[in-house]
Amino acid sequence: MRLHRVRLCNYRGVADCEVELPAQGITVIEGPNEVGKTSLPEGLDLLLTRMDSSGHRQVKSVQPVGRDVGPEVEVEMSTGEYRFVYRKRWRRRPETVLNVLSPQHEQLTGRAAHERVEEILDETLDRDLWRALRIEQGAELSLPGFDVPSLVAALDQAASGDDATDEDDDLWTRICEEHDRYWTATGRPRKDRHAQQVKVETARSRVSELEEQLNSIDRDATEMARLAANRRRLVADRDKFDQQASELSERWNATERVRNKVDRLVAASAAATLKRDGIESEQQRRQELIHELDTRTDELSELDIQAQQSAPALAAAIKHVEDTTAALKAAQAALSAAEAEQRRADEDRDHHRNRIEVEQLSERHERIAEAEQNLQQADTVLESVKVDDDLLGQIEDAHLAVVRAEAAVASVDTTASRDLSIEINGEEVVLGAGETQHTVVDEDVLLLVPDTAEIRVRAGTGSQSLATQRRQAQQELRRLCAEAGVADQAEAQKAAEQRKAAERQHREALDTITRDLRDLTVDGLRGKIERLTRRIDAYAAERPEDPPLPADLDTATQVAAAKARTVEEERAQFDNGDEASKSASSALQEARLGESNLAGKIEMARNAKQQAADTVASARSQRTDSTIASELAQAEENAREALKSLEDAEAELSAADPESLKVRLQNAQNAARRASDDLQANEQRQNELRITLSVRGEEGLHTRHDEATGEFRHLEREHQRTEARAGAARVLHDTFSWRRHEARQRYSGPFKQRIEQLGRIVFNPSFAVDIDQNLRIVSRTLDGDTLRVDQLSAGALEQLAVISRLACAAIVSPDGGGAPVIIDDALGWSDPDRLQRMGAAIAAASEHCQVIILTCTPGRYAHIGNASTVRLPAGT
Amino acid sequence: MVRFVHSADWQLGRAPYYLSVEARARFRAARIEVISSIAQLAQRERCDFVVVCGDVFESNNISRQVLVRALEKMRAAAPLAFYLLPGNHDPLDASSIFRSPTFREHVPSNVMVLDGSESVQAVSGVELIAAPWPNKRPLADLVGEACESLAPTDALRVVCGHGAVDAIWPESSDPAHVSLERLEERIASGVIDYVALGDRHSTTDVGDTGRVWYSGAPEPTDFDEIEPGNVLVVDLDRDGVQVGRHRVGTWRFEDRDWDLGADLDIDALRDWLESSDNKERCIARASLRGQVSVAQRARLDQMVDHYTDLFGGLEVRDGAGGLAVVPDDADLDDFGVSGYAREALSDLSEMAQSGDQAVIAQDALALLYRLTRAPA
């Protein structure tokens, strides 16, 4: 396709603008903004795509503002063998005019003209190529794939020498479409295939389900046949067992009759036995009565003998009681006398003991009085004398301190060789011969021997403190002595000893009192003495003179002991007598009781004998002994006969074997009942099945099964066909895809080569590109450095975009084929050097194709050597 | 003399699953329609009654619609009497259709079930002895047993039975097989006069007496039947029997093997299909073998598609050895492709020759062939 001329009238802001374009090479259309430069390709698009009646917004948008005229575009172009002038006006007086100039002249208007152009373009123009070869101003920079029919065909032809046809591409599209009908983009079966499979499975399940239902009917029918056979058997069984039960029941009834007879004979035998036993026991009672009478008679005789034997013994017992009673009385008198003497002797002994105790108590009382006096004295001393051991210790310590202090101080001993009077510190001191006056020198001492000498003893420098110590010691001693109430240490010692003696006396007095009082008080002691004294006096006054009071306690004690022994002896004597008396009394009582008992027994025995005699007589008066004996013999005979009859009947019953008969009867009855029950269950099941079959039989299951099978087979067949088609589509697709890929690999070579040829002009000889199977540049290598296209700068990307289009156009466009490359103000990102090189590349490519460059920057494309330039005037 | 129609194996409700829904419905309807044809024949031939010797119904569980329509057809033929014998498809078991509520409610008075409980006097002097199937798997020769205790009589006796006769299937040891010898002995002794049998769908004169017949099914049911579609009109008297075949069936089963190689063979196949009358009532089966080109295969496919729509049923299947699709040079040129497409085509051709992928590759070639010819 080639553009020869384009004209815009009343198009946006363009009133009228016409551009002539050379068929080959580069046309640079320069013009400032808003002169319709970019409107040229846009108008071309409108002309080729929108009918003159179109109200599309794209059409509306090119309506000139404020002018009542329709936008108009006219183009003269050639494509394939056609060359034509084509014009459209929209909006106002719409009009389409086509004037085909060659190969045959045609003139058409309106829709016919539009459709004819469509037809021509469909026939001659690769529309994908037409779109791919355009770089529009402001469009996002991108590197398109050049998988367009023209390029593919051209490359294929270059590679194989064959004429690659549009049909091949169309075939590939169909193969892909066929493939895509069955397979997803990821190579999985499409959902509808799966759905079809599900349908097949559902139909298969339905068939199985119906088959099972039909089988179930068959099973039920078979069971019904079996139940019918069962029924016949069960009826026969039931009848047979009923018959058996009836027969056995009859035999059982006969046996029952024998059993009743046995029962009756058992009763009769029992009655006979009972009667015999009754007579037997009557006879036994009669014997017993006779025996009783004999026994009573013997007993009475024996008692009478006993009574005769017991009379002398009773008399002896009475005599023995009298003797023992007299002896006992004598013993008691002796005991009383001895006890009186013993009491006297004891009182005498106690009397002596009281007298001694009074003496002892009086002594204790006296000692206590004396001790109390001593105690008082000691307490008086203790109150007056304060020097105890502690105080004495302190005084002795103070005295020792004074002595030590005085020893430390210098002193002067003045010994008189004769009696003389001297003056010491002005104080006269008279000394006998040999007497020494000791004077302490704690300060200067003036010793004046009148008329003889005046001696001054000077105290030393340390005397002062020593004198002070001495004074303090003396003061302490004095204080302590004053506290103790003594003059000095010697007196204190004496006082201390006095105090100690008083303390001892105090303790001893307290000990005496405690010891002698024991558990008594002084008053209690005194009271006790008085009471005892009174008792002694009273006893002495009261006691008869005879016997005389023993002389002392010991004698009295000995007498008392002797009297006590006498009492013991007398008491033993008395006790013996008492025992003998009691024994005699007891023997007598026993004898009397025996006598009495015997008499009672005799009476009772007599009565018993009489009663027995009466009873026997009474019994005999009713039935004599011989009568009873003959009745018994008869009864025994009867009982034997009854027993014999019973045994015979029992033997008959046993022979009938009632137990076995009963078991057999019950078994037959049970079997009949069970057969009846089974029959009932059988019939119930038959009824159930009859109902089930009746209902199911009406459901037309076989027909439904046939239909379901038909449906299933149909679906299965369809599914198999689909799967076979899917498999075929995949094999076809994959085979074609592989071969196509291979071919692409092969024929992308010239395209790559052409791009690299142009690229080396722009970059340098190391420039290379990689192209994918969609004929899209994927990476660029420069100076050994490979970058993916998305890593390239905007400038490089733009340059590649132009180069790849030029390469494509150069391959497809010779001989008027292909389409023009339209570049709307690209390369804005390229620096001047690169721009210059791009110019050379564009020039090189344009030898084979038509290149139209639109720009508002005149200098940008100045480097393209062989370009024709069309300048659009401002305000066209 | 008595004249009656002997039929059997109506198998009402039957419809081959491999037919389309539409064809199945027609097939099923035809089996009901044939009752009217039989009734018209009987009336035309002045027959006294019709006996249907077993398998009246395809199953005891056919749809109610089939049952009531069939009964209605027989009702319409009244007073012509129909005697129906339960066979192996519709045995007289607990699920028997002859005891179903619908049957009992709608059975017309001119239709009687031969349940074998007693002999039936069809017309004066003619006694029907029936051997119905009590279940699907009897363990005895039912027909023989039915005749066993019969005493000679003045009446003409027609035995109605169903099942395989041992003389026709001698290799089988099925205890239910009908003993021909036994029957012929009874015929010879004059106890029975005619044995009307069902089960075999092909009209067959059994043995040499001329008195034992399979009427065959009035409408065919499968490919393997030799002469189906008939009923018999039987003239019977003391002196002898005359049996006449009358065609009433409207459907056909056609089956043929085809060895394909040249275009002429495909032409012959096409002619065979094309020449078939009443295609919509014909179920055809072609078993193909041999070797065809991709183009021939495409032609075959197209033919099959066309005749499938015309025929009541058409099954084209691989015969013994199968049908191979082998592309030839002409095929490859015929595809009209070039460049990589031509290479891919060669790949597929090679795959189609042999190996696991041969069949799928043949399919792929057929698909490609179609795609190259599909309108744009």
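Labels below follow one simple rule: chain letters A, B, ... track the order of the sequence lines, proteins then strands, and each chain is numbered from 1. Since this is a predicted model, take the numbers as computed values, not measurements.
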Enquirer: Should we say atom CD of B:Glu350 is surrounded by more than 12 heavy atoms from elsewhere, each under 6.0 Å from it?
Expert: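 No, CD of B:Glu350 has 12 or fewer neighbouring heavy atoms, counting only those of other groups under 6.0 Å.
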Enquirer: Which one wins on heavy-atom pair count under 4.5 Å against chain B: A:Leu689, A:Leu227, A:Leu693?
Expert: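 Most heavy-atom pairs under 4.5 Å with chain B: A:Leu693.
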Enquirer: Given heavy-atom pairs under 4.5 angstrom as the criterion, report whether the side chain, backbone, both or neither of A:Asp734 touches chain B.
Expert: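 A:Asp734 has no heavy atom closer than 4.5 Å to chain B.
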Enquirer: Atom CG of B:Leu367 and atom CZ of A:Arg174: how far apart are they, to the nearest 0.5 Å?
Expert: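 Interatomic distance, B:Leu367 CG to A:Arg174 CZ, rounded to 0.5 Å: 11.5 Å.
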Enquirer: Top residue by heavy-atom pair count (under 4.5 Å) with chain B, among A:Thr222, A:Thr692, A:Asp218?
Expert: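 With the most close heavy-atom pairs to chain B, the winner is A:Asp218.
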Enquirer: Counting only heavy atoms closer than 4.5 Å, note whether A:Leu732 contacts chain B via side chain, backbone, both or neither.
Expert: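 Both backbone and side chain.
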Enquirer: Is it true that atom CD of A:Gln680 has more than 12 heavy atoms of other residues, nucleotides or ligands lying nearer than 6.0 Å?
Expert: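 For A:Gln680, atom CD is not crowded (no more than 12 foreign heavy atoms under 6.0 Å).
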Enquirer: If you tally heavy-atom pairs under 4.5 Å against chain A, which of B:Arg14, B:Arg64, B:Gln357, B:Glu58 wins?
Expert: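 Of the candidates given, the most pairs with chain A belong to B:Glu58.
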Enquirer: Atom OG1 in A:Thr735, atom CG in B:Leu348: separation rounded to 0.5 Å?
Expert: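 So the OG1 of A:Thr735 and the CG of B:Leu348 are separated by 4.0 Å.
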Enquirer: Side chains of B:Ser100 and A:Glu698: closer than 4.5 Å at any heavy-atom pair?
Expert: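 Yes, at least one pair of side-chain atoms sits under 4.5 Å.
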Enquirer: What option among A:Glu707, A:Arg704, A:His705, A:His733 has the most heavy-atom pairs under 4.5 Å with chain B?
Expert: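 The candidate making the most pairs under 4.5 Å is A:Glu707.
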Enquirer: If you count the non-hydrogen atoms of other residues, nucleotides and ligands that lie under 6.0 Å from CZ in B:Arg69, is the total more than 12?
Expert: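 Atom CZ in B:Arg69 is not packed in, count stays at 12 or less.
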Enquirer: So which part of B:Gln362 gets closer than 4.5 Å to some heavy atom of chain A, the side chain, the backbone, both or neither?
Expert: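 Neither part.
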Enquirer: For B:Gly13 and A:Asp706, which heavy atoms make the closest approach, and how far apart are they?
Expert: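 Nearest pair, atom of B:Gly13 first, then A:Asp706: O-OD2, 3.9 Å.
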Enquirer: Answer yes or no: does atom CZ of A:Arg226 have more than 12 heavy-atom neighbours from other residues, nucleotides or ligands under 6.0 Å?
Expert: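 It does: A:Arg226 CZ has more than 12 such atoms within range.
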Enquirer: CZ of A:Phe736 to CG of B:Leu368: how many Å apart, nearest 0.5 Å?
Expert: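 With rounding to 0.5 Å, CZ (A:Phe736) is 4.5 Å from CG (B:Leu368).
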Enquirer: Checking heavy atoms, do the side chain of A:Ala225, its backbone, both or neither come under 4.5 Å from chain B?
Expert: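 Neither; nothing under 4.5 Å.
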Enquirer: Sort B:Ile62 into side chain, backbone, both or neither according to what part of it lies under 4.5 angstrom from a heavy atom of chain A.
Expert: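 Contact with chain A: backbone and side chain both.
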Enquirer: Which heavy atom of A:Thr703 sits nearest a heavy atom of B:Ser63, and at what distance?
Expert: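 Heavy-atom minimum between the residues: OG1-N, 2.6 Å.
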Enquirer: To the nearest 0.5 Å, what is the distance between OG (B:Ser346) and CZ (A:Arg739)?
Expert: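 Taking OG in B:Ser346 and CZ in A:Arg739, the distance rounds to 7.5 Å.
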Enquirer: Please state whether the side chain, the backbone, both or neither of B:Asp93 comes within less than 4.5 Å of a heavy atom of chain A.
Expert: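 Contact with chain A involves the side chain of B:Asp93 alone.
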Enquirer: In Å and rounded to the nearest 0.5 Å, what is the CD1 to CG distance from A:Ile217 to B:Asn61?
Expert: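 If I round to the nearest 0.5 Å, the distance is 4.0 Å.
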Enquirer: Hey, which of A:Glu177, A:Glu699, A:Glu178 has the most heavy atom pairs under 4.5 Å with chain B?
Expert: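 If we count pairs closer than 4.5 Å to chain B, A:Glu178 comes out on top.
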Enquirer: Is the number of heavy atoms from other residues, nucleotides or ligands under 6.0 Å of B:Gln302 CD greater than 12?
Expert: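 No.
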Enquirer: Checking heavy atoms, do the side chain of B:Arg28, its backbone, both or neither come under 4.5 Å from chain A?
Expert: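 When you check distances to chain A, only side chain atoms of B:Arg28 fall under 4.5 Å.
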Enquirer: Taking A:Met224, A:His714, A:Arg713 one by one, which has the highest count of heavy-atom pairs under 4.5 Å against chain B?
Expert: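 Top count of heavy-atom pairs under 4.5 Å with chain B: A:Arg713.
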Enquirer: Considering non-hydrogen atoms only, spot the tightest contact between A:Ala724 and B:Asp363 and give its length.
Expert: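 What the structure gives for the nearest pair is CB-OD2, 4.0 Å.
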Enquirer: Could you tell me whether B:Glu315 and A:Arg717 have a side-chain N and a carboxylate O separated by less than 4.0 Å?
Expert: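 Judged by the 4.0 Å cut-off on N to carboxylate O distance, B:Glu315 and A:Arg717 do not form a salt bridge.
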Enquirer: Does any backbone or side-chain atom of A:Arg690 lie under 4.5 Å from a heavy atom of chain B? Answer side chain, backbone, both or neither.
Expert: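 Neither part.
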Enquirer: Around atom CG of B:Asp305, are there more than 12 heavy atoms from other residues, nucleotides or ligands closer than 6.0 Å?
Expert: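 Enclosed: over 12 neighbouring heavy atoms sit under 6.0 Å from CG of B:Asp305.
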Enquirer: Looking at A:Ala221 and B:Ala94, what are the two nearest heavy atoms and their distance?
Expert: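 Result for this residue pair: CA-CB, 4.2 Å.
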Enquirer: Side chain, backbone, both or neither: which part of B:Arg104 has an atom under 4.5 Å from a heavy atom of chain A?
Expert: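 Contact with chain A involves no heavy atom of B:Arg104 at all.
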Enquirer: Under 6.0 Å from the CZ atom of A:Arg188, do we count more than 12 heavy atoms belonging to anything else shown?
Expert: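 Incorrect, the count does not exceed 12.
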